[in-house]
Amino acid sequence: MKKVEAIIKPFKLDEVKKALGELNIEGMTVTEVKGFGRQKGHSEIYRGAEYMVDFLPKVKIEVVTSDEMTPKVVAAITEAARTGKIGDGKIFITPVDDGVRIRTGERGTDAL
Amino acid sequence: MKKVEAIIKPFKLDEVKKALGELNIEGMTVTEVKGFGRQKGHSEIYRGAEYMVDFLPKVKIEVVTSDEMTPKVVAAITEAARTGKIGDGKIFITPVDDGVRIRTGERGTDAL
Amino acid sequence: MKKVEAIIKPFKLDEVKKALGELNIEGMTVTEVKGFGRQKGHSEIYRGAEYMVDFLPKVKIEVVTSDEMTPKVVAAITEAARTGKIGDGKIFITPVDDGVRIRTGERGTDAL
Amino acid sequence: MLKLFSAFLICLVSATNALADGPAVDTGDTAWVLISTALVLLMTAPGLALFYSGMVRRKNVLGTLMQSFAVLCVVSIQWVLIGYSLSFGPDRLGLIGGFEFFGLSGVGQDPNPDYSATIPHQAFMLFQMMFAVITPALIAGAFAERMKFSAFLVFTLLWTTLVYDPLAHWVWGVGGWLRVLGALDFAGGAVVHISSGAAALAAALTLGKRKGYLTEIMPPHNLPLTVIGAGLLWFGWFGFNAGSALGANGLAATAFLTTNTAAAGAGLSWMAAEWLHRGKPTLLGLASGLVAGLVAITPAAGFVSPLSSIIIGLAAGVICYLSVAIMKPLFGYDDSLDAFGIHGVGGILGAVATGLFATTVVNTAGADGLFSGSGALLGKQLIAIGACFLYSFTISLVILKAIDMVMGLRVAKDDEVQGLDITQHSESGYSL
Amino acid sequence: MLKLFSAFLICLVSATNALADGPAVDTGDTAWVLISTALVLLMTAPGLALFYSGMVRRKNVLGTLMQSFAVLCVVSIQWVLIGYSLSFGPDRLGLIGGFEFFGLSGVGQDPNPDYSATIPHQAFMLFQMMFAVITPALIAGAFAERMKFSAFLVFTLLWTTLVYDPLAHWVWGVGGWLRVLGALDFAGGAVVHISSGAAALAAALTLGKRKGYLTEIMPPHNLPLTVIGAGLLWFGWFGFNAGSALGANGLAATAFLTTNTAAAGAGLSWMAAEWLHRGKPTLLGLASGLVAGLVAITPAAGFVSPLSSIIIGLAAGVICYLSVAIMKPLFGYDDSLDAFGIHGVGGILGAVATGLFATTVVNTAGADGLFSGSGALLGKQLIAIGACFLYSFTISLVILKAIDMVMGLRVAKDDEVQGLDITQHSESGYSL
Amino acid sequence: MLKLFSAFLICLVSATNALADGPAVDTGDTAWVLISTALVLLMTAPGLALFYSGMVRRKNVLGTLMQSFAVLCVVSIQWVLIGYSLSFGPDRLGLIGGFEFFGLSGVGQDPNPDYSATIPHQAFMLFQMMFAVITPALIAGAFAERMKFSAFLVFTLLWTTLVYDPLAHWVWGVGGWLRVLGALDFAGGAVVHISSGAAALAAALTLGKRKGYLTEIMPPHNLPLTVIGAGLLWFGWFGFNAGSALGANGLAATAFLTTNTAAAGAGLSWMAAEWLHRGKPTLLGLASGLVAGLVAITPAAGFVSPLSSIIIGLAAGVICYLSVAIMKPLFGYDDSLDAFGIHGVGGILGAVATGLFATTVVNTAGADGLFSGSGALLGKQLIAIGACFLYSFTISLVILKAIDMVMGLRVAKDDEVQGLDITQHSESGYSL
Ligand SMILES: Nc1ncnc2c1ncn2[C@@H]1O[C@H](COP(=O)(O)OP(=O)(O)O)[C@@H](O)[C@H]1O
Ligand SMILES: Nc1ncnc2c1ncn2[C@@H]1O[C@H](COP(=O)(O)OP(=O)(O)O)[C@@H](O)[C@H]1O
Ligand SMILES: Nc1ncnc2c1ncn2[C@@H]1O[C@H](COP(=O)(O)OP(=O)(O)O)[C@@H](O)[C@H]1O
């Protein structure tokens, strides 16, 4: 099992969700985060003082999936989230030892 | 060391915290997230237009713990967070290479 | 590749960002979280009723970096985030299998 | 119903007998009463709506706002059709007004000297309307976060008609038995606050506690909203109390003054009580206290001196604090936003204080209270308190039980967990 | 321009011919009109600003608030320099006012009996100013979340001068052709609501849909803001409508009353319509409905009976709901916050209703409508509706196209995605 | 103290000598002054409270709101007990009022022709009370986010008594030396704004900078709150300025008009200055500008022509912008919410402008300024500015140093980091 963790532009969430749906991925968890990277931020002005805000709003999607599905999930997200402009985000794949469905106690990929 | 990551229903947080307390787990980190899964969302109506909202508010609890404690932690969360209804959430167990307590620089399980 | 995940006091974010900048770390993702630990919370009073609030506002910084850089990143964060008082937070190092830059499809450390 | 409908038809055509011959309208008095009317509307919506909705949990913010706004709409219509007539129509046995003013027939642009000789009858009616509006909205604090919206609508309509309208007649209607008795209620201590407080207690007992009450933390989700509400309540209360002079005169100035000092005193004394008791002066405490002071001065505003009003305010802050922080947990009822603890207790306190501090030096149309040498008034005040409290409590209980049997008062458990906003209204307060 | 400047210089020195001899000022009437003026300002800022800004997405909250505040500033100056004169200056051909009042020359502390014999001319001018302010602010609902701020400023200035000022003259100016014709518009149903609604439709069509309209979910980001706005609108509308009696008299009381009942009726009927249609009574629905009721009663407020106002309100809630929930998706234009759907449709409804329900029993200075036996008024109302709608729609279209050619109306795609707050104003609404 | 207590007892019994024989009360004037009083209360709470609290960081929102509300409560009581007497009691040496009005003894329902012949003396006293309330609340902007609440309470009480009350007497009290001199201050440019601005500067210097000032980003946490506050300030300021005519007359209309145009002009000119300087027109800029315009027109409102008021407004927006955006960083003091930069600088500007633009054509009770051919007034204005600024600055410094020695002014470092809400009040603003 792997966790696929994608940090994307917020307005791409719907498209990514749809792309995952087409893979029959039935679950995911989404977090609002702030990203810092090559994409430059914007300035804000308050009473004549100018600040650089370099943290940009991003959305983190976490999908835990079987090893077989992982490449497909990565490919689907990559495609759906891409605008081609800087700041499109990253996908990280990390190992997962086990999963549990709380309701039933099921384990492993059955829990997904 | 393992990280136990549980996505649960928000109103179960207190009970899970208490259950972990009974295991002498002294630290955890909590994030508000939105979940998408089998549990269906709700509709919202604005000026006669109806929208489906399928992201539901969930809470993610992260507990890093020793390998020995991991099954106990998983069991405690499973029990405390269960309502038996769809959407109770998931637990994922992932490997952790090392930990550091920033204040002291302690490493490994001493850092917890 | 490793993910370095640090839970720190919110007002230390700027210093940590600066310290990472000195290592030429060019990307990170930040999440607002709530922490429970040895640091005690505070009480709140509403119409004469007193509540204990033991979840404290913390900030989680995630930096995915190469294996070589990992110790430097950990050291930099540890130093910049330390106040010496309880509640300074933790750093957890977890394995990352792979990374993708969505914009270009680059893989591995090239994606960072 | 048929009668109502024909009255309706007549009014539609012949309308508001807007003749120009009666006693003269004073423009200054009219300006003051009209703006006061607008101020009292502002108290309910958005004033009280915000005061309450900031205190609930995020998931119930809209449901709580909705209650005040719905009451405003429902009672605005009820009052025009039947409420004003039941309250201020020609007396029947000292208990209720007659049908004569149904559909505002006979309520025109000329003054009605029975109630106010210098402003249009419609202006008097409108001013009173806003009192009828705010009263049921106050009750909602007791059953916040758990009542079905449909049941709430039915309750509002029944309660206004069966409780508020008769009580308004008793105390303020020409021929009303408490008015005849000589009990004093300058701006609605009994009619508005004691009656809503008693109903609130009945509601808290009937509906039962919120799921998680006393075991879960239920902090206010947005105190700035509550504080905007508190500010608008203070502002609007000048219309409520000083407007009750029904003219822009010296009495209005005095009522304005006592209102302000009582609010200030109670804000400080609640804050001080909490500071001593819990170690910190809180903003919610100060805001709650000022509302308690406004409640307590309401029946007394045009009858007592400024310095008496400070004392009334100081007392109101401490006593309402004790009722909320000590008495409520002791008895264990869930008066969620302290509608009984502030309006019931504060209203009783104010009615008693009127019996103590009233003086004809301030208002010759008033009476002398105990501290001016006469105990008679205090006795009458106690009768008025008892009558209003018992009547409202009993009828409210009956109404609530009846609604519960017919359609259910409370939302389903799961709906309570998910919140009123989504389950009752299919909306979310924020997507910040 | 030169003329303007010299008028300016003269005024600066000789100022506001504040003599003390003319017809006497009535203090009560003046108090009422001044406070009404303040109430109408409150409607725009922060009332309408909040009502609108709570409905947009978080990233546009400041841009939306900014529009109402900027209009207030711009039109306050425009009105003093030229607007009042174009609207209420001596008539030219029934179409526009002359230059005589430029820079408020001749607009002093004495009454101008042409418009109001009992209040200072400046008070009348100020009251009218606030109507000129709110009208362009209403239009902004149609193009929320996508217009360039610079283009918005230019639009506001041109629209006020070329559309609002002439229309105000037609309907209210002595000698204005619709006034001469005998069309009734008590407080601005045509001048304010039909004209802004027609401009809103023109703007929605010219600017086109928001990116993601109908494909993305765009829920209101902060409904409590919207509800505070709705409450302030209701409160302020008493100044708008009852203030239009230009005195604190029986007519003001009647207008106050019809305003209140129409708002209440429409709040309930929109809520009911949505409840039937979608299964839930929503707070945004109730709030939208009460605004629709306030719009619809505006032209009728001082001409109809209280019971008629209930009917007008009930109709307004349902009809505006249908226009927003059925008609808009049918035609597919993006009138983002329903400026046309509520103000245009509600304004037309109100103008027609005036032709139906008006009765001289309520106001001898009015006229009898269809239900009082005369069809003539209805005909005049239809002419007024048609003239105001077409004039505003056409000129708005021309102004918008012209601005689009010269400087562009719409922000860049990327800026729309990022939001107006950061791209137009370099600010963020919240860091909660 | 004993004296005070016996005065207190007397008042409690004999109350407010509410006789009915004196000069007649005018209902229109009374309506206007009462509603103006309510409007000025609204400016402080919730107006200023929101304006300020939206600008601080989230962790200090309640602490900031609390300051305005606490001032309102404390000064409402202080004014009744001693403040009004010190300010408006019979003159002692041109410097202070005597004890005669302690506890409002002798301040009844009849007019006091010394100050206002057509409204109840209590109404005049109440109107003045609200000025005494808002002034210390303004100062709080300078030391936002770092002052101990207990120290703040003590400061408020001392400052009101030792600074505000004497200054009010100097400028407005019969026999006050600046009044006798002939300096003009229509609605409190010196008494309210210069005095609070000078105190603000003293406070910013004494308390020192916030931790992280200029190194950390401290963006406003909730600009919609600030904007609601700005809207309420504009609305309430009509009471402040036009209410200062103490009647509903032509002068009130003129003051209303100059107030509105100055606010509009300054909103636009601050926005324009920031647009030129930083490249973007901001909402906070427009809101700050309109407040600056309202401040600057305050002393001039009843003395200048409408067109002059536009110029004053335009100047106020630019000059206050420069003081905030250029001067403050230059000198490096942390006037956190620009209480000095807007109220101090704007107040001085307005007092000077009164000396330039005042004309007896607008107000025969006023004087002619430099542009009407007489330099004398300007000289008097400069004396008044100097005297008020220096007196307030010096005494404020002494009070602050004394409090610092006795109990400490500033919260502990850790408490500043954690925020005032939790450390001073044990509350959190939001759980959204
Ligand atoms: N090393 C990293 N570790 C964690 N998150 C990162 C890292 N680098 C970038 N990110 C996240 O990815 C987002 C996009 O990165 P950025 O460098 O702006 O553009 P791009 O994805 O086009 O390279 C950042 O805002 C940040 O949230
Ligand atoms: N594959 C997954 N990866 C990450 N999170 C998931 C996954 N599947 C479900 N979740 C999370 O678990 C929550 C509950 O899942 P759901 O399918 O609704 O019910 P259940 O837990 O009863 O199977 C979801 O809201 C989502 O946050
Ligand atoms: N076992 C753990 N798993 C996950 N997060 C933890 C754990 N222990 C502590 N934390 C996080 O670290 C923060 C600081 O821990 P705490 O015990 O208060 O102080 P210290 O870091 O000084 O030991 C907590 O608020 C929590 O967010």
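Here is how names work: the chains are called A, B, and so on, in the same order as the sequence lines, proteins then strands, and each is numbered from 1.
- With hydrogens and angles disregarded, no donor-acceptor distance shorter than 3.5 Å links the side chain of Asp421(E) to the backbone of Ser428(E).
- With a 4.5 angstrom heavy-atom cutoff, Val33(D) does not touch chain E via any of its atoms.
- The residue among Ala264(E), Gly279(E), Gly313(E), Ala31(E) with the most heavy atom pairs within less than 4.5 Å of chain D is Ala264(E).
- Both the backbone and the side chain of Asp29(E) come within less than 4.5 Å of a heavy atom in chain D.
- Proximity to chain E (any heavy atom under 4.5 Å) is shown, for Leu34(D), by both the backbone and the side chain.
- No part of Thr44(D) comes within reach of chain E, as not one of its non-hydrogen atoms sits under 4.5 angstrom from that chain.
- Residue contact with chain D, scored on non-hydrogen atoms closer than 4.5 Å, is absent for Leu225(E).
- In this structure, Phe131(D) has its ring center at least 6.0 angstrom away from the ring center of Tyr164(D).
- At a 4.5 Å heavy-atom cutoff, the contact between Leu153(D) and chain E is made by side-chain atoms alone.
- Of the atoms belonging to Thr423(D), it is backbone heavy atoms, and not side-chain ones, that fall under 4.5 Å from chain E.
- In summary, the side chains of Thr160(D) and Gln78(D) do not present any donor paired with an acceptor at a separation below 3.5 Å, with no hydrogens or angles considered.
- Ring-plane geometry between Phe99(D) and Phe102(D) is classed as perpendicular, the angle between the planes exceeding 60 degrees on a 0 to 90 degree scale with a lower cut at 30.
- Residues Ser76(D) and Asn260(E) have side chains that bring a donor and an acceptor to within less than 3.5 angstrom of each other.
- Checked against a 6.0 Å centroid threshold, the rings of Tyr84(D) and His121(D) count as neighbours.
- For a residue to count as touching a neighbouring chain, one of its non-hydrogen atoms must lie under 4.5 Å from one of that chain's; by this rule Phe238(E) touches chain D with the side chain only.
- Ring geometry for Trp79(D) versus Phe88(D): interplanar angle over 60°, hence perpendicular rather than tilted (30 to 60°).
- Heavy-atom pairs under 4.5 Å with chain D peak, among Leu223(E), Leu284(E), Leu232(E), Leu290(E), at Leu223(E).
- Heavy atoms of Tyr430(D) lying under 4.5 Å from chain E belong to its backbone as well as its side chain.
- Of the listed residues (Asn222(E), Thr226(E), Leu39(E), Thr27(E)), the one with the most heavy-atom contacts under 4.5 Å to chain D is Asn222(E).
- Heavy atoms closer than 4.5 Å to chain E are found in both the backbone and the side chain of Ala123(D).
- The contact between Ile228(E) and chain D is made by backbone and side chain atoms together, counting heavy-atom distances below 4.5 Å.
- Contacts between Pro46(D) and chain E at a heavy-atom distance below 4.5 Å involve backbone atoms as well as side-chain atoms.
- Only the side chain of Ile35(E) comes within less than 4.5 Å of a heavy atom in chain D; its backbone stays farther off.
- Using a 4.5 Å cut-off between heavy atoms, Met130(D) contacts chain E through its side chain alone, with no backbone atom that close.
- Between the Asp368(E) side chain and the Thr360(E) main chain, a donor and an acceptor come within less than 3.5 Å of each other.
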